[in-house]
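Report on the structure given below.
Hydrogens, waters and symmetry mates are skipped; everything else that's a heavy atom, side chains included, is used.
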2 protein chains.
Amino acid sequence: MTSAGSRSRTPQANADADGTNSSVTMRDVARLAGVGTITVSRALQHPDRVTAETRRKIDEAIAALGYVPNLAAGTLRSSKSRIIVAIVPTMSNSIFAETLQAMSDVLRPAGFHLLIGHTGYSAAEEEALVAAFLARRPDGVILTGYTHTPRTVELLRRARIPVIEMWNIGPDPIDTIIGMSSYDASLAMTRYLIRKGYRRIGYIGGLLQDNDRTAQREAGFRAGLEEAGRPFDPLMIVRAPFEFESGGTALGDLLNRMPDADAVFAASDILAVGVLLECLGRGIAVPGRLAVAGFDDAGISSRMTPPLTTIRVPRRAIGRTIAERMLARLAGRPTGERIVDLGFELIERASA
Amino acid sequence: MTSAGSRSRTPQANADADGTNSSVTMRDVARLAGVGTITVSRALQHPDRVTAETRRKIDEAIAALGYVPNLAAGTLRSSKSRIIVAIVPTMSNSIFAETLQAMSDVLRPAGFHLLIGHTGYSAAEEEALVAAFLARRPDGVILTGYTHTPRTVELLRRARIPVIEMWNIGPDPIDTIIGMSSYDASLAMTRYLIRKGYRRIGYIGGLLQDNDRTAQREAGFRAGLEEAGRPFDPLMIVRAPFEFESGGTALGDLLNRMPDADAVFAASDILAVGVLLECLGRGIAVPGRLAVAGFDDAGISSRMTPPLTTIRVPRRAIGRTIAERMLARLAGRPTGERIVDLGFELIERASA
DNA sequence: TTGAAAGCGTTACCAA
DNA sequence: TTGGTAACGCTTTCAA
């Protein structure tokens, strides 16, 4: 580990002073090792199909020349890029970041790289990303949710590669869908609040545009009210972008419309924490005067005062499962159901 | 936007029923358009070097055949991948996620894709990532900080591509370094706390392993004490990973060692927010009994009660500037200084 | 276990 | 403005 040292101050001028350069090819390695190029290729791809002695000579030649393989050539010839494309709404929400990291942690040791795109919650942007990324000939594609433009679906269908939709379970996957049911989770939380005796429950949800997660959560909330015979009123719902700032603002809106609310279900912990902080600022007792429930179980939620009742989504497990499934598919190994529900957990804490 | 529809239930079986498939090449497009392949290539790369009529015919052929270019072939031939590698410690910290998104927002419209890796704050892992990614022949590489293994530096030097180190300014960049001085910022915050009259200032910092940002912050804190003639004592420092949970724990440790502390400077808002929440839980008045300052200006910091005094780092500007600089370099346009300091802002709020 | 030749789909080079 | 030919560096195919 060094932070300084004898580095060249003019990187552009780094010629082959040490006899190595970046245009070393497999052929050069083969020549130095005294073998054919194909043997070098085999030594790199399937080390066990080459004698230990040959492998040693090749390894030495690689080290001596500073050889770096050129994956573009391999991809062209083999039609295998070892690239997996993953598209998420945003990377700023650590929910998705953690899922991506979990996927990457499985894929990288297997030699696959994740090419990540973010849509800003726009299906049109997703389509543009898919179109652009397909030119890289990815071996597989992972999308968030099941709401896509028809052309996105068509492009992926024609690409004939594994496609995994994630996070939110829907009825008719393009190929495979892995995640949990936002509807079920939201319904469970609504039932819980009702069971706890809250009479006037407000809902702060995300924007619905191109977002089946937020749509399912809102639908689950309404279903919960209905099955309990509670009248639903559009005034009970406020929608806001997933930011801490909007949680507080949204609570203000909601309380203006529902001054008698005794509980708030926020469809994301980012919003719910914003709500809690706003309550703190306004001196609203939680859960005494107003109960607060969230969704996601973010890192901060358990540290709040009071700690937040929320839905835990297995976000690392989703990433891991998707990556493993993808690797199995690409290796031709048998895979299971096309719809994989990894479930959720209702975490009961003090806030509701 | 559709969430369902007439999708095939057996994607593996999608043959060329509609006459289009994914093995359409530029040659097929050329044939249908009645031109040479090179003209198709030109129409795609430099639309202005082709007559409008030719371009129209080619566009029609592309649409009719559902042609998707193969970038692997182009990369092989031209040695231009239009891939930029970016390596960060973690994507879970939204600080880095926002910088990555800002970079991506500039690079994508220019036809470049970001290949992202995360090191988990390990220089050895960074080296492994760089070695693996270089096989994709990226057009440029972006690293976080200036602490790298010698082999990482050597690999990048040999690759002869633009390398931009980011976030933390250091004296001797591999090539170009863009960010701010964590040392200066930390020193400024320490001076601020001293000026505000706090006598016994504790410090909660990140782990130092392979992390020049945390090291500079700690050094800045010590320098601030020293220049004010305050005695430094190792007991004043607690180090913890950047997680909400550790902020609270670390505060406990610190107060055991320094029961008379009247201020805490946490080297990350994640820790500082954890500290604030812990104070809330323990009934410690902020800033009356204990002042709290942070670093990063995370989204939640301004919403806390009291709102958090912190250092604002221009994280989106860093990403944008890096991307623009990278594009300029790759286009052969002149670029400025090798060290670009985008500065910071001390945000004075109520917590300290 | 090893190798020779062919070819992947694109773009550089040179010519018309 | 357009095109023919060659070449990028690897892996597949077939053969020894």
query = Can you check whether A:T51 has a side-chain N or O nearer than 4.0 Å to OP1 or OP2 of C:dT1?
reply = no
ask   = Is there a donor-acceptor pair under 3.5 Å between the side chain of A:R338 and the backbone N or O of A:D175?
value = yes
Side chain proximity check, A:R108 to B:E125, heavy atoms < 4.5 angstrom = yes
request  = Would you mind reading off the distance between A:R136 atom CZ and C:dT10 atom P, rounded to a whole angstrom?
outcome  = 14 Å
query = Can you tell me how far C1' of C:dT1 sits from NZ of A:K57, to the nearest Å?
reply = 12 Å
request  = Mark yes when over 12 heavy atoms from residues, nucleotides or ligands other than B:E53 sit less than 6.0 Å from its CD; otherwise mark no.
outcome  = yes
key: Nucleotide C:dG7, atom P - distance to CG of B:L76 in whole Å   = 17 Å
inquiry  = Base, sugar-phosphate or nothing for B:T54? Non-hydrogen atoms, less than 4.0 Å.
reply    = sugar-phosphate
message = What I'd like to find out is whether the side chain of B:I84 reaches to under 4.5 Å of the side chain of B:L330, using heavy atoms alone.
response = yes
key: A:I87 and A:T119, any side-chain heavy atoms less than 4.5 Å apart   = yes
message = For residues 111-143 of chain B, which residue pairs pass the ring pair (Phe, Tyr, Trp, His ring centres under 6.0 Å) check, not counting sequence neighbours?
response = A:H113-B:F133, A:F133-B:H113
inquiry  = For nucleotides 10-16 of chain D, give me one character per nucleotide, 5' to 3': B if any protein heavy atom sits under 4.0 Å from the base, S if the only such contacts are to the sugar-phosphate, - if neither.
reply    = BBB----
